[in-house]
Amino acid sequence: MLGLTSSSILTHRICSDLPPPHRLKVKGHELMQKFLKATMVIASLALGLMVTVTLPARALVEIDINRGVVEPVPVAITDFLSGDGKGAEIAGVVAADLRRSGLFAPIDKAAFIEKISNPDVAPRFEDWRVINAQAVVTGRVTQEPDGRLRTEFRLWDTFAGVQLVGEQFFAAPRDWRRIAHIIADTIYEQFTGEKGYFDSRIVYVEESGPRDNRVKRLAIMDQDGANHRYLSDGRSIVMTPRFSPQRQEITYMSYESGEPQVYLLQLETGQRELVGNFPGMTFAPRFSPNGDKVIMSLLRNDGNSNIFTMDLRTRNTARLTDTNAIDTSPSYSPDGSQVVFTSDRGGRAQIYLMGADGSNQRRISFGDGTYSTPVWSPRGDLIAFTKQSGGEFQIGVMRTDGSGERILSAGYLQEGPTWSPNGRVIMFFRQDAGAQGPKLYSIDLTGRNEQPVPTPHYGSDPAWSPLLK
Amino acid sequence: MRRIAALTRSPAAIVLVAVLAIAGCRSNTQVPNTAADLGLGSGMAGPGAATPGSSQEFTVSVGDRIFFDTDSSVIRADAQATLARQAQWLSQYSSYSITIEGHADERGTREYNLALGARRAAAARDFLVSRGVAANRIRTISYGKERPVAVCDDISCWSQNRRAVTVLNGAGS
């Protein structure tokens, strides 16, 4: 047992004791709109950029010049009241999530004027406006008679002087970090109008040992690096783990049978299964959006690789490409109707698109260099990729027709983009020249907020889970 | 779908190859063509050559590996000479079966390089078959860029990692 059960967390909306609840809700929304217009213009611009930006088709490479321009919004995350230190710990995780997003600047607690003694009543808004807090988060953590942790939190708008959100959660004490991530997601959504991504996990390949004798283990952790644990023992090379969009399940490639092949791993039971009964190497697996199929490459006897799918229930397989070329790294569109993939059928690796039945195969990358590892955004609007150009590796995004290419990050060796559940952040791995191993990084779509992702050793091939349920 | 019961260890032969090749990492920036160029031996049947028919002879005197150009699986002229010697040796010592490992340098993405390594192994296999080695004696496997033998960050190492290595199965026993 890996103990990775997605445990249940009960959520209830709680209301302010200031204005009546339903009026409050409406008012809160109105205020939020104003809030977004007034103080969040810059941040929402940063987020809106992906939708509205217009770049020339087949664009020249552009490093985003907005890097460092957007001002994060100052917010005050007060320690939740609790008998032990748990309230402060939860507030700490919420603040860390918001800070890493680059959109928020949690204010140093030393600057707080008011000490919150009753989180059920409105804070003294003027005390928070003085330190420029746009919003205040208050809360309380108590233990229920049945042992569950009860966490209440409220988000207050300091300038409008109202409660924006109030919720309480009931969960097993071990899930306290998940509660904190859900609270951070709620705050993120209030400010941006979009779902957050903090209550999610990362599966990746942990690398240790010397470069010419690397030990590679599957590992899983929360998106902030907490709750790290191993899913394989390192005796066999493993790579390219990918989350199921629907279930607590991953697919990955392993050399454990001696032949490199694609496997499934059930996270709740630890059960592993070979995917299909293909002759020869299978690799580069990913799930279909409904989680019922795995799409992957199969090596042909002539040394070329084509793309196949296998239905996990019926075991039926289907061939999607049939070329004397390398066709690999397939990734479905979120609606399941199309597949983007890498092929060198034109001489060098480029990105191609086809229908989910293999129809209408066409090239969409035309920039200077080679392109690989295309990954479709969960929002459906963009494709992330790795590009090799001018002796460096770049992580970028393009529209689904190949236009509007933007490079977010460049370095000596970096690859393997994976999308946050809300399609706003990309994680990838980078090895600097002279370094002994790769590390994980995240970057938002503006290209301005790059953050290292903490792992115990070196790490590669990150894959972001959907939001936990 | 079958359930996988146990993990398996890599063959000892692969470890041997890795150890031998470390010496190559410290060599100069010239592209090595054979194991002999890597300072591992003195060429065909020279003085002090290994026992005829031994894996040492195959590795050191015949040359167990060939090298490729960037993003290519074309068998170069120097590699053809090495593979021809391998084919001749394998016809002489016909009890050996072999595994050809295809490898790539780090200057490509992981999945693509797995495919590239596989294509290189297949190219080496096809050449040996064309020189009379029975196809059923040959297994191929790709390690992509997962098993470099040279670990610096410039072309002197990349060129050594773009390789196909012929491993004698059960050799050395």
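A note on names: the letters A, B, ... follow the listed sequences, proteins ahead of strands, and every chain is numbered from 1.
Nearest heavy atoms, A/Met281 versus B/Leu114: CE-O, 3.6 Å. Of all the heavy atoms in A/Asp344 and B/Arg119, the pair that sits closest is OD2-NH1, 2.8 Å. In terms of heavy atoms, B/Asp153 sits closest to A/Ala435 at OD2-N, 4.2 Å. Nearest heavy-atom pair, B/Arg110 versus A/Ser460, reported as atom, atom and distance to 0.1 Å: NH1-OG, 2.9 Å.
The choice from A/Leu299, A/Asn304, A/Asp327, A/Asp461 that makes the most heavy-atom pairs within less than 4.5 Å of chain B is A/Asp461. For the set B/Gly108, B/Gly117, B/Gly144, the count of heavy-atom pairs under 4.5 angstrom toward chain A peaks at B/Gly108. Chain B forms more heavy-atom pairs under 4.5 Å with one residue of A/Lys216, A/Glu259, A/Arg214 than with any other, namely A/Lys216. Chain B forms the most heavy-atom pairs under 4.5 Å with one residue out of A/Thr342, A/Thr386, A/Ile237, and that residue is A/Ile237.
Both the sub-6.0 Å distance and the 45° axial angle are satisfied by B/Arg107 relative to the ring of A/Tyr412.
Contacts between A/Gln436 and chain B at a heavy-atom distance below 4.5 Å are absent for every atom of the residue. The part of A/Thr328 that comes within reach of chain B is its side chain, from C-beta onward, which places non-hydrogen atoms under 4.5 angstrom from that chain. Heavy-atom distances place both the backbone and the side chain of A/Ile326 under 4.5 Å from chain B. With a threshold of 4.5 angstrom between heavy atoms, A/Asp302 approaches chain B through N, CA, C or O but not through any side-chain atom. Looking at A/Asn301, the atoms closer than 4.5 Å to chain B (heavy atoms on both sides) sit in the backbone and in the side chain alike. At a 4.5 Å heavy-atom cutoff, B/Ser73 makes no contact with chain A through either its backbone or its side chain.
By the side-chain hydrogen bond (donor to acceptor under 3.5 Å, both in side chains) test, A/Trp419 pairs with no residue at all, sequence neighbours left out.
Atoms CD and CE, from B/Glu146 and A/Met239 in turn, are 3.5 Å apart once rounded to the nearest 0.5 Å. If you take OG on A/Ser305 and OH on B/Tyr112, they are separated by 10.0 Å, rounding to the nearest 0.5 Å. Between atom CD of residue A/Gln388 and atom CG of residue B/Asp71 there is a gap of 8.0 Å, rounded to the nearest 0.5 Å.
Residues of residues 122-134 of chain B lying under 4.5 angstrom from chain A, judged on non-hydrogen atoms, are B/Ala122, B/Arg125 by number.
B/Lys145 places a side-chain heavy atom less than 4.5 Å from the side chain of A/Leu413. Between B/Glu106 and A/Arg211 there is a side-chain heavy-atom pair separated by less than 4.5 Å. Side-chain contact check for A/Tyr255 versus B/Ile141: some heavy-atom pair is nearer than 4.5 Å.
Other residues, nucleotides and ligands place no more than 12 heavy atoms under 6.0 Å from the NZ atom of A/Lys293.
Using a 4.0 Å cut-off between charged nitrogen and carboxylate oxygen, B/Glu111 and A/Arg286 do not count as a salt-bridge pair.
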